[in-house]
**Student:** 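Quick one: structure below, then a few questions.
Atom set for the values below is all heavy atoms of this structure, side chains included, hydrogens, waters and symmetry mates excluded. Order of the sequence lines sets the chain letters (A, B, ...), proteins ahead of strands, with each chain counted from 1.
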Amino acid sequence: MITVKELEHLATLSRIKLSEEDKKSLIKEFDSILAYVDQLKKVPVKMDAEGRVGAVKNVMRPDVVESVSPEDRERLLDEAPDREGDFIAVKKIIAQD
Amino acid sequence: MKIDLHNLTIKKAHDHLMAGDFTSVELTQAYLDVIAKKNKDINAYLQVFDDALEAAKKADVKIAEIRNKKSKIEDQGSMLLGIPCATKDNILIKGKIASSSSKILEDYHATYNATVISKLEKEGAIFLGRTNMDEFAMGGSTENSAYGVTKNPFDLKRVAGGSSGGSAASVAMDGSLFALGSDTGGSIRQPASFCGVVGLKPTYGAVSRYGVMAMGSSLDQIGPLTKTVTDAEIVFNAIRGKDIKDGTTVDEHRGQAFATRLPRPGLLSAKPIIGVPRHFLGGDGINKDVLKSFESALTLFKEKGYEIRDIQLPNISYALMVYYIVMPAEVSANMARFDGVRFGLHVDGKNGIDDYFETRRAGLGREVIRRILLGTYVLSSGYYDAYYNRANAVRRMITDDFLKAFQDVDLVATPTAPSPAFNIGEKTDDPVAMYLEDIFTVTANITGMPAVSIPCGSVGVLPIGLQLTARHGDETALFSAGKDFLNEQ
């Protein structure tokens, strides 16, 4: 039901590297899962029905900055795999020429 | 006095602590001794915290203060003061590792407390350690942990259930007096069923998820695993409540008002009614002993003055399909945060983009990758209407079915899981077989209603659980029926 090309596209979208072996088993698993959930297509539904859960409503808050203590800032930065001073370091994105 | 951990409950331990029969330090040490003895075989805990005894010492100081002020009868201290507990590895405790049993967070130290942790800390509970789970709570057997499977304390060849398998096993092996878990499709209730303990998934919005790693945000709830229903109620009351940091939380009074406002024509009498969707219990996949034990449970309820009534939930058989569309969709969005840049594992690639591919490949397990891809698929253009929108529409229909049923009954009963604990490795090669484990539990996450699993029998040594579901905000009905059933009154 799902092609290798489709699976590769999904993997690119979700930033996951797949080996050839992964692809083979994933296609098999996808087929059995999709065959199962596809039964839902037989259910007569009003498609304008809104998906809601429980007693939930929108919650708003003022758009203001909350300060973080220097210790917490340090803790947060320390979790980054690579940092330079108070910045999180990443590879250069734009080439020079 | 010698502490009988096996028969200890939160309530009993509280009374003993307040009477001075033993101290929190002694109690905590008793649990640490059990963990030291049993954890190498069962693997319930990923880590035992080295500051548990320190926290117990502080609790003992508070207990002594309260004991010295004997004139103030009303001040008995929190029920959880000095009570040792375990927490699932996806719940943040400031300064401690929280890995969600994943390689991608192997060395991640939480930078703040989850709201449930702050609440328990304020009550004076003692954190013994973090418990094993399926990676990012994705699974029903704790076999998807990057740190080895958790074994069932009743039979080491079998799984403890999942995803909160470590939490359930910690309580069952007398390695904690209670534990916190998370439940997205049954991850508290199914392991509770497999390990013979009580597991509560509260109403969606009853307990804050702030500081708990999100899996399926419209489904996730945090709840307790305990030995008794009374204990589950104690922990629930300690962790519930509106939290500005989780916009989905509702005020507890609003929840209760919502529950009592619902019409129940003709049954305001004292005789509670339990609805049973018998049309949903006849499938081949359901173990005969589980059904037998379920029927005996219903008989016991009848003897206790409950009425048992057949109900129709016309769309309930679609609940698991809805779940396996909505959940992966939300997983694929929630897992996007693991980029190897801001926290967690980083694996170097050829360039910035390639870093993502290498990091996620190295850090995430098979089931997590499968669900991310599946979620990306059902959300992609061209499939969105056929899968995600349709699933949400059916989700609403299922919720409406339940709301309608609750006009005539107070509770809905089913088995918690279709079978007792299965063998390790039995279902790992067949994702759909593993997903079918959730057949009875997902509905409460789909509808947002509260549900509890309580022990109701066994097959040989293996425990079986009974699941009760109630209206939104009506945990009280679950506690009341659960206590009746287990003779806790």
**Student:** Could you state the interatomic distance from CG (Asp430(B)) to NZ (Lys28(A)), rounded to the nearest 0.5 Å?
**Tutor:**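 Output value for this atom pair is 8.5 Å.
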**Student:** Flag the pair Asp72(A) and Lys94(B) as a salt bridge only when some basic side-chain nitrogen lies within less than 4.0 angstrom of an acidic carboxylate oxygen.
**Tutor:**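 Yes, Asp72(A) and Lys94(B) are salt-bridged.
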**Student:** Is Ile2(A) in contact with chain B via its backbone, its side chain, both, or neither, using a 4.5 Å heavy-atom distance?
**Tutor:**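 Only the side chain of Ile2(A) comes within 4.5 Å of chain B.
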**Student:** Measure Thr376(B) against the heavy atoms of chain A and call it side chain, backbone, both or neither at under 4.5 Å.
**Tutor:**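 Both backbone and side chain of Thr376(B) come within 4.5 Å of chain A.
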**Student:** Mind checking the CG-CG spacing from Leu10(A) to Leu379(B)? Nearest 0.5 Å is all I need.
**Tutor:**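 The CG atom of Leu379(B) is 10.5 Å from CG of Leu10(A), to the nearest 0.5 Å.
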**Student:** Using non-hydrogen atoms and a 4.5 Å limit, figure out which bit of Leu105(B) sits close to chain A: side chain, backbone, both or neither.
**Tutor:**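 Nothing of Leu105(B), per the 4.5 Å heavy-atom cut-off to chain A.
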**Student:** Given that the side chain runs from C-beta out, which part of Ile88(A) has a heavy atom under 4.5 Å from chain B: side chain, backbone, both or neither?
**Tutor:**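 The side chain, not the backbone.
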**Student:** Measuring heavy-atom distances to chain B, does Phe30(A) have an atom under 4.5 Å in its side chain, in its backbone, in both, or in neither?
**Tutor:**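 Phe30(A) touches chain B through side-chain heavy atoms alone.
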**Student:** Quick one: pull up OG1 in Thr12(A) and OH in Tyr356(B) and give me the separation to the nearest 0.5 Å.
**Tutor:**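 If we round to the nearest 0.5 Å, Thr12(A):OG1 and Tyr356(B):OH are 14.5 Å apart.
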**Student:** Calculate, to the nearest 0.5 Å, the distance between atoms CG and CZ belonging to Asp38(A) and Arg390(B) respectively.
**Tutor:**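 The CZ atom of Arg390(B) is 10.5 Å from CG of Asp38(A), to the nearest 0.5 Å.
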**Student:** Suppose we screen for side chain to side chain donor-acceptor pair (under 3.5 Å). Which residues come up paired with Ser67(A), at least two apart in sequence or across chains?
**Tutor:**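 Ser67(A) satisfies side chain to side chain donor-acceptor pair (under 3.5 Å) with no residue once adjacent residues are dropped.
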**Student:** Do Lys91(A) and Asp348(B) meet the salt-bridge criterion of a basic N to acidic O distance under 4.0 Å?
**Tutor:**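 The answer is yes: the pair qualifies as a salt bridge.
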**Student:** For the pair His9(A) and Ser380(B), evaluate side chain to side chain contact (heavy atoms under 4.5 Å, CB included) and give the outcome as yes or no after the intermediate values.
**Tutor:** CA-CA 10 Å; His9(A) 180 59; Ser380(B) 55; over 6 Å; no
**Student:** Counting distance only, does the side-chain N/O of Glu79(A) pair as donor-acceptor with the main-chain N or O of Tyr108(B) below 3.5 Å?
**Tutor:**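 Between the backbone of Tyr108(B) and the side chain of Glu79(A) there is no qualifying donor-acceptor contact (under 3.5 Å).
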**Student:** Looking at Met60(A), Arg15(A), Lys41(A), Glu6(A), which makes the most heavy-atom pairs under 4.5 Å with chain B?
**Tutor:**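 Between Met60(A), Arg15(A), Lys41(A), Glu6(A), the count favours Arg15(A).
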**Student:** A side-chain contact here means heavy atoms from C-beta on lying under 4.5 Å apart; do Asp22(A) and Ile369(B) qualify?
**Tutor:**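 Not touching, per the 4.5 Å side-chain cut-off.
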**Student:** Heavy-atom distances under 4.5 Å only: say whether Val90(A) touches chain B with side chain, backbone, both or neither.
**Tutor:**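 The side chain, not the backbone.
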**Student:** Okay, side chain of Arg75(A), backbone of Tyr112(B): is any donor-acceptor separation there less than 3.5 Å?
**Tutor:**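 No, because the side chain of Arg75(A) does not come within donor-acceptor range (under 3.5 Å) of the backbone of Tyr112(B).
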**Student:** Measuring from atom CG of Leu436(B) to atom OH of Tyr36(A), what distance do you get when rounded to the nearest 0.5 angstrom?
**Tutor:**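 Rounded to the nearest 0.5 Å, the CG-OH separation comes out at 5.0 Å.
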**Student:** Quick check on Lys24(A): does its NZ atom have over 12 non-hydrogen neighbours (other residues, nucleotides or ligands) under 6.0 Å away?
**Tutor:**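 No - once you tally the heavy atoms of other residues, nucleotides and ligands closer than 6.0 Å, there are 12 at most.
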**Student:** Tell me, for Lys17(A) versus chain B, whether the close heavy atoms (under 4.5 Å) come from the side chain, the backbone, both or neither.
**Tutor:**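 Interface part for Lys17(A): both.
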**Student:** Specify the closest pair of heavy atoms between Met397(B) and Pro44(A), including all atoms of both residues, with the distance to one decimal.
**Tutor:**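 Taking Met397(B) first and Pro44(A) second, the nearest heavy atoms are CE-O, 3.9 Å.
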**Student:** Is any side-chain heavy atom of Gln39(A) less than 4.5 Å from a side-chain heavy atom of Ser317(B)?
**Tutor:**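 The answer is no, as the side chains (C-beta and beyond) never meet within the 4.5 Å cut-off.
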**Student:** I need the Glu367(B) CD to Glu29(A) CD distance, nearest 0.5 Å.
**Tutor:**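 Those atoms lie 8.0 Å apart.
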**Student:** Is it true that a side-chain atom of Arg360(B) and a backbone atom of Ser14(A) form a donor plus acceptor pair closer than 3.5 Å?
**Tutor:**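 Here the side-chain-to-backbone pair exists.
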**Student:** Heavy-atom distance under 4.5 Å to chain B: side chain of Glu71(A), backbone, both or neither?
**Tutor:**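 For Glu71(A), there is no contact with chain B at all, as no heavy atom is under 4.5 Å.
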**Student:** Can you name the one residue among Tyr318(B), Tyr324(B), Tyr323(B), Tyr435(B) that meets side chain to side chain contact (heavy atoms under 4.5 Å, CB included) with Val37(A)?
**Tutor:**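 Exactly one pass, corresponding to Tyr324(B).
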**Student:** Heavy-atom distance under 4.5 Å between the side chains of Tyr387(B) and Leu34(A), does that happen here?
**Tutor:**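 Of all side-chain heavy-atom pairs linking Leu34(A) with Tyr387(B), at least one is under 4.5 Å.
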**Student:** Taking side chain to side chain donor-acceptor pair (under 3.5 Å) as the definition, give me every residue that meets it alongside Ser32(A), ordered by chain and number, with sequence neighbours left out.
**Tutor:**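 By the side chain to side chain donor-acceptor pair (under 3.5 Å) rule, Ser32(A) matches no residue at all.
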**Student:** If I compare all heavy atoms of Gly340(B) with all of Pro81(A), which pair ends up nearest, and what's the gap?
**Tutor:**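 Minimum heavy-atom contact is O-CG, 3.4 Å.
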**Student:** Sort Tyr383(B) into side chain, backbone, both or neither according to what part of it lies under 4.5 angstrom from a heavy atom of chain A.
**Tutor:**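 Answer is side chain: those atoms of Tyr383(B) sit under 4.5 Å from chain A.
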**Student:** Please identify, among Leu77(A), Asp82(A), Ile33(A), the residue contributing the most non-hydrogen atom pairs under 4.5 Å to chain B.
**Tutor:**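 Max contact count across the listed options: Ile33(A).
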**Student:** Of the backbone (N, CA, C, O) and the side chain (C-beta and beyond), which part of Ile16(A) lies under 4.5 Å from a heavy atom of chain B, both, or neither?
**Tutor:**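 Interface part for Ile16(A): both.
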**Student:** So which part of Val322(B) gets closer than 4.5 Å to some heavy atom of chain A, the side chain, the backbone, both or neither?
**Tutor:**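 Both backbone and side chain.
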